[in-house]
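Shown next, in structure tokens, is the structure this report addresses.
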Amino acid sequence: MEIINENNHRVLVASEGHVLQSVTDGFIVGPRLILGKEDSEIHYHEVPDSYLPAENSEE
């Protein structure tokens with residue numbers, strides 16, 4: 001997990017094969033998150049993307 005600067009925004013990016021998850025409520029954010037002025041990376045951690053539910057292929 002790292003913070004990059006993209007178009008004057010701080011973007012939190014998960015490592016390959018991982019997604020970001022909120023520490024406080026367990027919400028899966030995704031592989032990237034634009035951080036607001038008051039946001040901190042300490043509120044997120046990485047989990048393997050295998051935590052994502054499998055897509056329904058029968059649709």
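Keep in mind the model is a prediction, meaning the values are calculated, not measured.
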Applying side-chain hydrogen bond (donor to acceptor under 3.5 Å, both in side chains), can you list everything that pairs with His43, at least two apart in sequence or on another chain?
none
Within a strict 4.5 Å, meaning less than it, do heavy atoms of the Val19 and Val29 side chains meet?
no
Counting N and O atoms only, with roles assigned by atom type, does the side chain of [X] sit under 3.5 Å from a partner on the main chain of [Y], one being a donor and the other an acceptor?
X	Y	result
Glu41	Glu2	no
Arg32	Val11	no
Ser22	Tyr44	no
Gln21	Phe27	no

Taking atom [atom1] of [X] and atom [atom2] of [Y], what is their separation to the nearest 0.5 Å?
X	Y	atom1	atom2	answer
Ser15	Leu20	OG	CG	9.0 Å
Lys37	His9	NZ	NE2	10.5 Å
Asp39	Ile34	CG	CD1	10.5 Å
Ser40	Arg10	OG	CZ	7.0 Å

In terms of heavy-atom contacts, Ile42 and Val23 come closest through O-CG2, 4.0 Å
